[in-house]
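Keep in mind that what you see is a predicted model, and the values were worked out from it rather than measured. Remember, it's 1-based here, ligands and their atoms both numbered in the order they're listed.
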Amino acid sequence: MRVYFDHNATTPIAPSVLETMTSVLRAEFGNPSSIHHFGQRAKGVLDDARTAVADLLKAEVSEVVFTSGGTESDNFAIRGVAEALEVTGRRHLVASAIEHEAVLTTFKALARRGWTTTLLPVDTSGIVAPEALAAAMTDETALVSVMHANNEIGTVQPVADLARIAHARGALFHTDAVQSVAKIPVDVRALGADLLSLSAHKFNGPKGAGALWIKRGTRIAAILTGGKHERNRRAGTENVAAIAGLGVAATLAGTKLTTEAARLSALRDRLENEVLARIPHTAINGARDRRVPNTTNISFEGVEAESLLIALDLEGVAVSTGSACSSGTLEPSHVLRAMGLPTHRTQNSIRLSLGAGNTDEQVDYLLETLPKVVEKLRALTGARR
Ligand SMILES: Cc1ncc(COP(=O)(O)O)c(C=O)c1O
């Protein structure tokens with residue numbers, strides 16, 4: 001059996017997405033900026049996709065700008081606002097300590113160019129406290145960027161409260177919703193943000209396509225400059241087929257959001273409860289009641305995460321660790337560290353993220369396999385059983 005429990009890394013393309021993309025690649029080769037028939041047909045494909053994304057977010061169609069994915073959308077939001085607001089003297093940026101690297105590394109780059117940056121702490125449940133943001137805000141704050149759902153532990157942040165605090169001090173608010181779109185309802189106006197990032201490959205669309213939602217009237221500079229594409233906000237001939245795929249994936253997500261969220265949370269909760277019951281010295285990381293429905297992050301005391309990942313892969317089960325292997329040394333997850341978890345939790349945790357293809361049988365297989373693998377690894381290292 002081969003089972004994929006790594007949907008927060010990426011998801012398989014839905015058949016209807018693939019079908020649309022191939023037919024667009026075959027038939028709609030026109031440049032959407034061309035005035036003639038071929039161009040207008042391609043532009044029609046973009047229009048349909050833009051409407052689909054806007055519908056999913058309850059946004060206006062003209063507020064959706066297509067990008068190459070989550071990383072570009074995050075860069076665009078942060079660098080674009082920084083550039084637009086530089087002249088106002090606002091040179092302070094705030095994010096949470098548990099953001100994706102697309103945000104954290106962009107902050108570091110701007111810090112090297114003289115911007116002041118603040119990273120907000122999270123509590124042990126992996127949630128940012130609104131009071132922490134209120135304390136960090138200054139009259140120079142240009143932008144606050146706090147993710148909607150965390151990619152490693154799945155916790156959902158109090159974005160509406162945080163956006164209100166940012167706005168009260170005249171700052172803009174961006175949320176990286178790459179891990180929440182298509183998993184929970186995302187209504188841009190209810191969230192109160194000014195900018196929101198999403199990425200198609202996290203919800204059964206293609207890699208290399210995404211969008212930045214920009215609230216009408218938001219001050220932002222283009223970071224990709226060139227032609228007048230995307231209403232002057234993002235230059236470059238659009239990846240028409242991938243954007244068409246994003247549109248179909250967005251529509252699909254909208255139609256099955258409620259049923260799929262209920263199905264996945266039931267699967268995930270059963271998985272978690274059984275792991276806790278069957279394997280001693282395990283713990284769930286992050287608030288269990290404020291998470292996207294598909295994600296769990298579990299610590300196995302005495303078991304090194306990388307070894308567990310590899311052992312599970314040999315049994316046909318794909319999971320991930322929150323840690324990155326850099327220059328031969330294992331770096332514990334910055335998210336788990338920010339939560340203040342002890343080393344035996346930060347280095348011994350794996351993430352399981354469920355998605356459309358997962359079934360009860362697959363969870364049963366995991367529940368048979370995981371206890372054996374953990375016991376074996378604990379025996380090997382002489383760790384507690
Ligand atoms: C929270 C979050 N933001 C941004 C990204 C980057 O998205 P992309 O892979 O489309 O560049 C990811 C992907 O892992 C993510 O999980």
Excluding sequence neighbours, so at least two apart, what forms ring pair (Phe, Tyr, Trp, His ring centres under 6.0 Å) with Tyr365?
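Ring pair (Phe, Tyr, Trp, His ring centres under 6.0 Å) list for Tyr365, sorted by chain: empty.
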Under the ring pair (Phe, Tyr, Trp, His ring centres under 6.0 Å) test, which residues partner His201, sequence neighbours left out?
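Scan of His201 (ring pair (Phe, Tyr, Trp, His ring centres under 6.0 Å), adjacent residues dropped) gives none.
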Non-neighbouring partners of Thr343 that pass side-chain contact (heavy atoms from CB on, under 4.5 Å), sequence neighbours left out:
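side-chain contact (heavy atoms from CB on, under 4.5 Å) check on Thr343 returns Thr346, Gln347.
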Between Glu86 and Arg113, is there a salt bridge with N-O shorter than 4.0 Å?
no
Would you call Glu315 and Lys372 a salt bridge, using N to O less than 4.0 angstrom?
no
Please list, by chain and number, the protein residues whose heavy atoms come under 4.0 Å of ligand 1.
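Answer by chain and number: Gly69, Gly70, Thr71, Asp74, His100, Met147, Asn151, Asp176, Val178, Gln179, Ser199, His201, Lys202.
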Side chain to side chain, Val81 and Arg219, heavy atoms closer than 4.5 Å
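The answer is no, as the side chains (C-beta and beyond) never meet within the 4.5 Å cut-off.
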